[in-house]
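Ligands are counted one by one from 1 in listed order, and the atoms in each one are counted from 1 as well.
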Amino acid sequence: MGGVAPRAGEEIAAELIRRRQKIDHDELEFSVLAAQFAETDEYEWQGFDSPHAWLKANCHISGGAAAARICVGQQLEHIAQSSAAMAAGEIGFAHFALIARTSAAVGERLDQTALLRQARKHTIARFYDDCYHARHAADPKGCAKEEARSVEARSLDISDGDEGTVYINGYLDKVGGAAVRTALEPLAKRAGKDDHRPREQRMGDALVDLSMRALDNGLVPQRAHLQVTASLETLLGLPGAPGANMEFSLPISAKAVERIACDCAVTRIILGSDSTVIDVGRAKRTISGPQRKALKVRDCGCTWPGCDRPVSMTEGHHLIHWIRNGPGDLSNLALLCYRHHWMVHEGGWQIVCTDDGRMLTIPPQTGFERLPRGPD
Ligand SMILES: [Zn+2]
Ligand SMILES: [Zn+2]
């Protein structure tokens, strides 16, 4: 093969593997030192309450990375077979750290040969599961106890941002987290191919949609309905009208009330201009049960062109709002998914039904476009 020039990529590939093995070897030595350091009280002398905290602050690694390295250093003598496999380049440090963690959890009952066989062929994510199963086989009670601890550690912090907005931050155990994701993921899918919302935005929308659905279906005990207080002028969208008040929220715009009242079971408390209560609407749906059934059968899902959201993710929309005397019969109703319902009310889009029953959407007209054009 003398005449063939060596490929540049081939050399880089070999070098990458060499470097990675060297890094893994350094990680191993680092871990031995970290475990030795944890045996001393030097971290206390330096004002830290754990060796992990010291490593985090001084070696600039995460708490998880610090714990993994101390664990590797402590377990090293019990997992010699695995460290030989790492030295031979058969597994990497990440696999090795998982084996160390499993060893720390199950002690004598570790079947290192079996685990190592899986480590050689499985990716880190898959091997993580292998280690869990190995741990569970050896110590089902320990696994259950650990999971119970993380259930007890669930937390959700909803704090005030500016102008009535809220920040959400929280922690969930794996089963609870999976339940939340399973409920949110279908709602967070793109609503048609023109849906360009980034994933974070779709997840935020999904959380709101899920809550609205729970309220709508009476799944929330006691406070089952959004209580909205608005004047007639506000509901009619007359110029000069104030906003509406909603429980647990700062005042909201007339457009938002319009959407919520379009289908949602809201408790309507409508005030006259002199602030006397003129209509305390019972918390009933604005679309009756039989009518909703017929609507679902007719529309089979969101009627926005190109949207494939199923019936379960939609709500009823009055093409002419009932506030403006739009009739409650089927010809004036259409199913829209939450996203598209929002786009119609607050987003400034219009959806109309043509004579042959097709739905047509009209994008928002910005004020700018409506300005008469002057001479260029
Ligand atoms: Zn509507
Ligand atoms: Zn839709």
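The Zn ion (ligand 1) sits nearest to atom NE2 when only the N, O or S atoms of His345 are considered. Residue His317 approaches the Zn ion (ligand 1) most closely through its N/O/S atom ND1.
Under the 4.0 Å criterion applied to side-chain N and carboxylate O atoms, Lys189 and Glu185 are not assigned as salt-bridge partners.
Side-chain contact between Phe127 and Ile99: present, with at least one pair of heavy atoms (C-beta onward) separated by less than 4.5 Å.
Here the protein contributes Cys302 SG, Cys307 SG, Cys337 SG, His340 ND1 as N, O or S atoms under 2.8 Å from the Zn ion (ligand 2).
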**Message:** Checking Arg126 against Asp130 for the salt bridge (Lys or Arg N to Asp or Glu O under 4.0 Å) test, could you report, in this order, the C-alpha distance in whole Å, the side-chain angles of both residues, the deciding distance, and whether it holds?
**Reply:** CA-CA 6 Å; Arg126 177 112 187 256; Asp130 295 333; 5.1 Å; no
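Side-chain contacts under 4.5 Å among hydrophobic residues (ILVMFWY), followed directly or transitively, place Leu16 together with Ile12.
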Cut-off 3.5 Å, no hydrogens considered: what does the side-chain donor-acceptor table look like for residues 61-73, sequence neighbours left out?
from  : atom 1 : to    : atom 2 : distance (Å)
Ser62 : OG     : Ala65 : N      : 3.1
Arg69 : NE     : Glu27 : OE1    : 2.8
Arg69 : NH1    : Ala65 : O      : 2.9
Arg69 : NH2    : Glu27 : OE2    : 3.1

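Not counting sequence neighbours, the partners of His341 by the ring-ring contact (aromatic ring centres under 6.0 Å, His included) test are His317, His345.
Judged purely by distance below 3.5 Å, without hydrogens or angles, the side chains of Gln21 and His25 never pair a donor atom with an acceptor atom.
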